[in-house]
Amino acid sequence: MDNITLARLLDETAALLEIDGADPFRIRSYRRAAEAIEQQTAQLAPLATPDADPKLLLAIPGIGKGMAANIRDLVATGSMPLRDELMTKYKPTMLELLRLPGMGPKTVALVWSALQVGDIDALEAAARAGHLNTLPRMGEKFTAKLLKGIEDYRRNSSRFRIDEAKEFAERIAKLILAFPGIDQVTPAGSLRRGRETVGDLDLLATGPACEADVVAAAVEHVATLPLIDKLMARGQNKVTFTLRNNLQVDVRLLPRASYGAALQYFTGSKHHNVALRQRALKRGLTLSEYALLRLEDNAIVAAASEEEIYNALDLDYIPPELRENCGEIEAAAAHTLPKLITLRDLRGDLHMHTVESDGTATILDMAKAAIARGLEYIAITDHSKNLAMTNGLDDVRALAHIRRIREVDAELAELFAQEKGPQWLRYRNAKAGDIRLTHYGEVIEPQPPTAAFRVLPGIEVDILAEGELDLEDATLAQMDIVVASVHSRFDQPIDVMTARVLRALENPYVNILGHATGRKVLKREPYAIDITAILRRAAELGVAVEHNAAPARADLNDLHLRLAKELGVKLVINTDAHATGELDQMHHGIVQLRRAWLTADDLLNTRRAVDFLALLRKRP
DNA sequence: GCCGTTTTCGGCCCGACTGTTTTCAGTCG
């Protein structure tokens with residue numbers, strides 16, 4: 001039984017306990033255990049066998065004697081007594097009801113006990129028949145909202161990818177900023193924390209118009225924005241609505257003086273906030289979205305900035321990406337938070353395409369775009385022949401392409417030698433206007449170059465059915481960068497796919513493993529290969545593993561990135577750009593790396609080009 | 001059910017909004 005299943009079973013038990021009206025603190029402990037298990041990079045099942053050291057499970061915060069016994073039961077039998085008992089009392093489909101808006105545990109328990117309604121279809125039927133109106137607190141409005149909720153749930157219960165969510169956040173922010181007196185709109189929530197997907201948007205607005213005595217007008221402005229599909233709720237300083245694509249947006253308008261407290265509060269995560277408030281209480285303080293207050297006299301200790309609040313709690317400032325209550329508070333207290341990687345640390349991008357296969361720009365265009373973004377080297381890695389639909393290269397074309405790449409490389413080196421930099425800055429400045437080198441507010445200033453920009457010849461070679469590659473070794477030997485990727489046939493069993501990739505890693509010319517998992521971020525599809533096995537082998541062989549920065553193609557999740565670091569895997573981050581503008585996708589990938597606590601030292605392509613090449617796998 | 005620079009017992013985060021209430025329970029983030 002893997003960690004994800006374990007966590008899901010405990011989380012379901014928590015939900016059933018909630019419906020059962022159990023002690024809320026006991027419920028919380030089940031949730032906490034589920035979250036703790038999800039965060040582990042090592043599988044727990046081997047630690048839960050009868051002959052394993054019991055201390056190992058107990059070492060995980062949130063798991064005590066009782067929960068350890070539950071875990072051992074789950075691993076041994078697939079279930080546990082409490083869960084079995086609850087499952088006979090209630091229906092598993094009731095868990096789904098909790099996902100509907102307005103349906104909490106109490107209401108689910110009520111419709112079950114009063115009407116024997118235990119699944120979505122029955123609930124909808126009861127609502128349409130007016131049966132719900134006979135129950136307390138469930139009138140016309142509740143029923144109408146619920147029916148809409150059921151409809152939305154069936155149509156689209158998925159989350160939104162971070163790049164899409166960010167785009168909407170920016171559009172809405174622009175509309176809100178049109179109101180005079182609102183001078184700042186900041187995305188908070190999981191978008192600011194850099195989660196791969198977000199369930200809803202949290203936007204925090206502030207400025208003179210958001211002060212308590214005048215905020216009503218600004219609320220009216222937000223509640224009547226033209227792109228609102230359905231207004232869900234509106235309060236004194238909060239507006240909730242959905243867009244036509246069903247993305248839910250929460251806008252809070254808060255006074256400038258409490259901006260820091262509000263930003264901290266709405267950025268979350270929930271668990272991080274809970275832990276922070278507990279810490280505050282231990283210090284005789286109380287934390288809310290308005291301020292950090294001293295309990296005895298309600299004096300404001302900190303409110304204007306997040307830094308003040310963390311510092312007042314004897315903590316170093318914690319970057320949003322780390323705020324998951326996953327050890328960051330302890331590290332901040334001990335001053336041992338890592339110096340997280342930033343976009344600025346990146347020096348090269350080793351995976352991109354040109355017009356030679358399925359890209360839209362030339363080699364020189366890609367080089368200029370990379371220079372404009374402050375990079376020092378790139379690798380051109382067009383597709384190989386097996387991907388016919390991308391106009392992939394056979395051996396003859398691949399060798400000819402290498403010659404052109406080397407020509408561009410030499411051309412740029414000559415320019416650098418002749419003009420010592422100014423020419424490079426011209427490339428930069430020509431593009432500076434329409435390139436947004438920002439990372440959630442941090443503006444990246446390109447630095448003057450200290451060495452010639454390098455364009456490295458490479459290829460993204462396709463892994464075939466038996467694990468062999470679709471180009472000759474003699475061709476691959478000419479390349480600096482050989483990215484091996486799986487592009488299709490993900491319908492194969494996981495062991496078949498894994499063996500295929502492992503075999504490809506053995507090829508002495510492969511120095512980077514490209515996308516291989518067939519993972520789709522929004523579809524909850526299982527991985528097509530055993531990532532743990534692949535990472536272990538890659539570490540042994542010295543093959544670098546790519547983290548694809550494009551949100552649509554991100555193969556590795558937070559957990560895999562942390563595991564890769566633990567295993568000493570050589571990691572690189574690449575955009576896989578098919579157009580110059582796609583190089584900007586890099587910042588999404590950087591955020592993912594930050595979430596995994598990675599620093600500049602954990603990546604190969606934060607090094608200078610010459611150092612980087614020396615760190616790659618040794619070739620025969 | 002977990003946990004311990006006040007603790008092996010007695011705590012366990014905070015506030016806003018909704019609906020249907022005539023003072024609040026349930027939900028949400």
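Excluded from the calculations below are hydrogen atoms, water molecules and symmetry mates; all remaining heavy atoms, backbone and side chain alike, are included. Residue numbering restarts at 1 for every chain, and letters A, B, ... go by the order of the sequence lines.
Separating the P atom of B:dT18 from that of B:dC12 is a span of 29 Å, rounded to the nearest Å. Comparing the same atom, P, in B:dA16 and in B:dT22 gives a spacing of 22 Å after rounding to whole Å. As rounded to the nearest Å, B:dG11 and B:dC17 have C1' atoms that lie 29 Å from one another. Using P as the reference atom, B:dT8 and B:dC14 are 23 Å apart when rounded to the nearest Å. Nucleotides B:dC2 and B:dT6 place their P atoms 23 Å apart, quoted to the nearest Å. Comparing the P positions of B:dC9 and B:dG15 gives an interatomic distance of 32 Å, to the nearest angstrom. For B:dT21 and B:dG29, the C1' atoms lie 23 Å apart once the distance is rounded to whole Å.
B:dG29 atom C1' lies 14 Å from atom CG of A:Leu203, rounded to whole Å. Taking atom CG of residue A:Leu281 and atom P of nucleotide B:dG10, one finds them 19 Å apart after rounding to whole Å. A:Arg137 has its CZ atom 11 Å from the P atom of B:dT23, to the nearest Å. Separating the CG atom of A:Leu292 from the C1' atom of B:dG15 is a distance of 16 Å, rounded to the nearest angstrom. A:Leu254 places its CG atom 11 Å from the C1' atom of B:dA16, with the value rounded to the nearest Å. Here B:dG1 presents its P atom at 7 Å from CG of A:Leu82, a figure rounded to the nearest Å. Going from atom CG of A:Asn273 over to atom P of B:dC12 covers 18 Å, rounded to whole Å. B:dC14 atom P lies 11 Å from atom CG of A:Leu293, rounded to whole Å.
Across all strands shown, A:Arg28 has heavy atoms under 4.0 Å from base atoms, whether or not it also approaches the sugar-phosphate. Counting any heavy atom pair closer than 4.0 Å across all strands shown, A:Glu140 reaches sugar-phosphate atoms only and no base atom. Residue contacts shown for A:Leu287 are limited to sugar-phosphate atoms, with no base heavy atom under 4.0 Å away. Within 4.0 Å (heavy atoms only), A:Pro24 reaches no atom of the nucleic acid at all. Residue contacts shown for A:Leu10 are absent, as no nucleic acid heavy atom lies under 4.0 Å away. Residue-level contact check: A:Ile27 touches neither bases nor backbone, having no heavy atom under 4.0 Å from any strand.
Picking from B:dT27, B:dG29, B:dG1 the nucleotide with the shortest atom distance to the side chain of A:Asp202 gives B:dG29. When distances are taken from the side chain of A:Pro105 to each of B:dT27, B:dT18, B:dA25, the shortest belongs to B:dT27. Looking at the side chain of A:Phe25, the nearest of the listed nucleotides B:dC24, B:dG15, B:dG1 is B:dG1. Checking B:dG19, B:dC12, B:dT27 against the side-chain heavy atoms of A:Phe142 singles out B:dG19 as nearest. When distances run from any side-chain atom of A:Arg252 to the nucleotides B:dA16, B:dG1, B:dG29, the shortest one goes to B:dG29. Checked against B:dC17, B:dG1, B:dA16, the side chain of A:Glu289 finds its nearest nucleotide in B:dA16. If you check B:dT18, B:dG1, B:dC3 against the side chain of A:Lys145, the one that comes closest is B:dT18. Closest to the A:Arg26 side chain, of the nucleotides B:dG1, B:dC12, B:dC24, is B:dG1.
Contact between the side-chain N/O atoms of A:Asn133 and the OP1/OP2 oxygens of B:dT20 is not found at any separation under 4.0 Å. Taking side-chain N and O atoms only, A:Lys141 has a distance below 4.0 Å to OP1 or OP2 of B:dG19. Residue A:Ser29 has no polar side-chain atom (N or O) positioned under 4.0 Å from OP1 or OP2 of B:dC12.
Look at B:dT18: its Watson-Crick or wobble partner, with both distances under 3.5 angstrom, is B:dA25.
There is a side-chain donor-acceptor pair under 3.5 Å between A:Glu140 and A:Asn133. With hydrogens and angles left out, the side-chain atoms of A:Arg323 and A:Ser269 include no donor and acceptor closer than 3.5 Å.
Side-chain atoms of A:Tyr265 come within donor-acceptor range of the base of B:dG29, with a qualifying N/O pair under 3.5 Å.
A distance of 7.5 Å separates CE of A:Met87 from OG1 of A:Thr13, quoted to the nearest 0.5 Å.
Cation-pi geometry between A:Arg256 and A:Tyr259 is met: the NZ or CZ atom falls under 6.0 Å from the ring centre, inside 45° of the normal.
Ring-plane geometry between A:Tyr310 and A:His272 is classed as tilted, the angle between the planes lying from 30 to 60 degrees on a 0 to 90 degree scale.
The backbone N or O of A:Glu308 sits less than 3.5 Å from a side-chain atom of A:Ser305, completing a donor-acceptor pair. Side-chain atoms of A:Arg595 come within 3.5 Å of backbone N or O of A:Arg193 as a donor-acceptor pair.
With the nearest nucleotide of DNA chain B identified for both A:Ile63 and A:Thr107, A:Ile63 has the one nearer the 5' end. Of the two residues contacting DNA chain B, namely A:Met67 and A:Pro136, the nearest-nucleotide position lying further toward the 5' end is that of A:Met67.
Heavy atoms of other residues, nucleotides or ligands lying less than 6.0 angstrom from CG of A:Leu281 number more than 12.
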